[in-house]
Amino acid sequence: MNLDDDYQYILALATHGSLSAAAKQLNVTHTTVARRIHAFEARFNVTLFERVPKGYQLTQIGRSVLPDIERLKSLQGHIERQLEGQDKSLKGEVNIALTPELAHDYVIPLLDEFYQCFPHIQLNLIMGTSQKDLNAREADIALRFTPEPTQPDLIGKKLFASNWGVYASDSYIKKPKQIDNLLLWQLEFHKDWYQGHFNKTQIIAQFDNLAALISATDQGLGIAKLPCGLADQAKYENLRRLDLTTSPSNWSLWLLYHFDLKETAKIMAVKSFLIEHFSKFESRFLGETSRYL
């Protein structure tokens with residue numbers, strides 16, 4: 001059993017404090033996490049974790065060795081990235097971290113074209129709302145909505161701003177109503193964006209998934225603030241943007257990768273392909289193609 005492999009289980013449990021969350025990060029079962037850590041502890045006759053009401057926490061010996069484990073994993077990642085960075089071949093796997101919405105609406109439709117250009121590169125789409133750690137090689141490239149990248153070792157290419165608007169469907173607009181129904185995104189920075197625009201409102205649902213929020217709005221359940229790049233697609237033909245002024249978004253769509261991979265041929269090929277593809281949709285993300293009421 002490889003000690004380096006064991007360290008990632010220790011780091012995951014130390015970070016999340018629960019077997020299920022650590023297992024989700026590592027894409028294994030919670031029993032695998034428990035088994036690997038128990039085997040590591042038995043090998044050295046130590047106890048790294050103790051059970052607490054909310055899950056697991058490091059013992060004193062666990063806290064004492066954690067910094068060394070973190071340094072070891074960081075050094076291992078640096079070595080692997082440097083070796084990977086020497087790869088000049090256009091073959092192998094490239095892991096892309098992105099949201100489900102970007103994957104379904106923008107990346108999956110281009111896969112056939114991509115494989116015609118690069119038949120020996122395998123793209124692995126890692127979809128989720130949580131950010132993957134590019135330093136830890138959880139992904140090679142990230143397509144990320146963010147105000148500004150903060151990790152110093154990442155190379156960032158700002159594709160364009162991601163503007164938002166207030167939307168409702170044709171069917172909802174035509175309904176007679178005394179109170180307007182609001183649909184909210186749980187991660188919205190400006191929680192009170194609707195104040196001052198409507199006489200009477202009631203919040204009927206909140207969403208942690210943008211695709212579900214857009215679908216609910218498209219089906220006429222209420223009014224929502226949505227990213228133009230996702231809402232202004234032809235498949236949401238019932239959606240109309242309301243001519244309302246809200247606080248401008250400071251989010252942009254960024255393509256990010258680690259500095260150590262800047263000479264890796266397959267990474268650069270995927271990067272260039274994605275940048276060219278997404279450049280076609282800049283006006284949509286800026287909200288310049290919105291269908292207004």
Side-chain angles (χ1 to χ4, degrees), residues 1-84 92-104 122-146 150-151 153-154 186-187 206-212 256-258 260-261:
M1 189 176 295
N2 192 315
L3 284 179
D4 287 344
D5 291 339
D6 288 333
Y7 292 148
Q8 67 180 338
Y9 289 88
I10 296 170
L11 287 174
L13 187 55
T15 299
H16 298 289
S18 77
L19 293 174
S20 58
K24 184 176 181 181
Q25 175 189 319
L26 298 170
N27 196 28
V28 297
T29 65
H30 71 278
T31 54
T32 298
V33 177
R35 175 175 54 80
R36 294 293 294 264
I37 290 178
H38 177 72
F40 185 93
E41 291 176 325
R43 186 183 312 131
F44 295 101
N45 194 26
V46 296
T47 301
L48 299 179
F49 294 92
E50 60 183 351
R51 287 296 302 267
V52 294
K54 293 184 178 180
Y56 289 83
Q57 68 179 19
L58 288 165
T59 61
Q60 182 176 354
I61 183 63
R63 291 193 298 272
S64 71
V65 299
L66 184 64
D68 289 328
I69 294 176
E70 290 174 332
R71 282 192 290 271
L72 178 61
K73 293 303 293 182
S74 177
L75 179 60
Q76 179 186 6
H78 177 65
I79 293 171
E80 290 176 354
R81 287 191 303 269
Q82 283 192 311
L83 294 175
E84 184 76 16
E93 300 182 22
V94 175
N95 299 315
I96 305 175
L98 70 174
T99 67
E101 295 81 17
L102 285 177
H104 288 295
Q122 174 182 318
L123 297 183
N124 300 326
L125 304 186
I126 306 172
M127 293 175 279
T129 55
S130 60
Q131 292 188 0
K132 296 299 181 182
D133 188 348
L134 300 185
N135 283 320
R137 300 210 64 196
E138 293 180 352
D140 300 309
I141 292 175
L143 286 169
R144 184 177 296 172
F145 289 108
T146 182
T150 56
Q151 292 177 283
D153 292 333
L154 299 186
Q186 291 182 358
L187 300 180
Q206 292 193 39
F207 298 77
D208 66 355
N209 179 280
L210 282 173
L256 304 170
Y257 56 96
H258 198 280
D260 290 341
L261 300 180

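Note that the structure is a prediction, hence the values are computed from the model and not measured.
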Using atom types as modelled, flag every donor-acceptor pair under 3.5 Å from a side chain in residues 23-30 to any protein atom, sequence neighbours excluded.
unit_1 : atom_1 : unit_2 : atom_2 : d
Q25    : OE1    : H16    : NE2    : 2.5
T29    : OG1    : T31    : OG1    : 2.9
T29    : OG1    : T32    : N      : 3.2
T29    : OG1    : T32    : OG1    : 2.9

Test side chain to side chain contact (heavy atoms under 4.5 Å, CB included) applied to S20 - qualifying residues, sequence neighbours left out: S18
Sequence neighbours excluded, the answer for side chain to side chain contact (heavy atoms under 4.5 Å, CB included) partners of I61 is L48, T59, S64, V65
Please determine whether the number of non-hydrogen atoms from other residues, nucleotides or ligands lying under 6.0 Å from atom CD of Q60 exceeds 12. no
State, to 0.1 Å, how close V33 and Y9 come at their nearest heavy-atom pair, and which atoms those are. CA-CD2, 3.8 Å
Any salt bridge (Lys or Arg N to Asp or Glu O under 4.0 Å) involving residues 54-71? Give me the pairs, sequence neighbours left out, ordered by first then second residue. D68-R71
Start with the C-alpha gap between I141 and L256, add the side-chain angles, then the distance that decides, and say whether side chain to side chain contact (heavy atoms under 4.5 Å, CB included) holds. CA-CA 6 Å; I141 292 175; L256 304 170; over 6 Å; no
NE2-CG distance between H258 and L154, expressed to the nearest 0.5 angstrom: 6.0 Å
Taking only residues two or more places apart in sequence or in another chain, which ones pass side-chain hydrogen bond (donor to acceptor under 3.5 Å, both in side chains) with Q57? E50
List the steps and the verdict of side chain to side chain contact (heavy atoms under 4.5 Å, CB included) for Y7 and F40. CA-CA 9 Å; Y7 292 148; F40 185 93; 3.7 Å; yes
For residues F145 and L102, report the shortest heavy-atom separation together with the two atoms involved. CE1-CD1, 3.6 Å
Nearest 0.5 Å, what's the CD-CZ distance between E41 and R43? 11.0 Å
When rounded to the nearest 0.5 angstrom, what is the spacing between OH in Y56 and CG in L13? 7.5 Å
Between E93 and N124, does a side chain to side chain donor-acceptor pair (under 3.5 Å) hold up when you go through it step by step? CA-CA 7 Å; E93 300 182 22; N124 300 326; 2.8 Å; yes
Quick one: are M127 and L98 in side-chain contact, heavy atoms under 4.5 Å? yes
Using side-chain hydrogen bond (donor to acceptor under 3.5 Å, both in side chains) as the criterion, list what pairs up with N209, not counting sequence neighbours. none
Would you confirm whether N95, through its side chain, and D140, through its main-chain N or O, come within 3.5 Å as a donor-acceptor pair? no
Within-4.5 Å side-chain heavy-atom neighbours: I69 and L11: yes
Distance, nearest 0.5 Å, that separates CG of L143 from OG1 of T99: 8.5 Å
Between CD1 on residue I96 and OH on residue Y257, distance to nearest 0.5 Å: 13.5 Å
Are L66 and L58 close enough, and set up right, to give a side chain to side chain contact (heavy atoms under 4.5 Å, CB included), and what steps lead you there? CA-CA 9 Å; L66 184 64; L58 288 165; 3.5 Å; yes
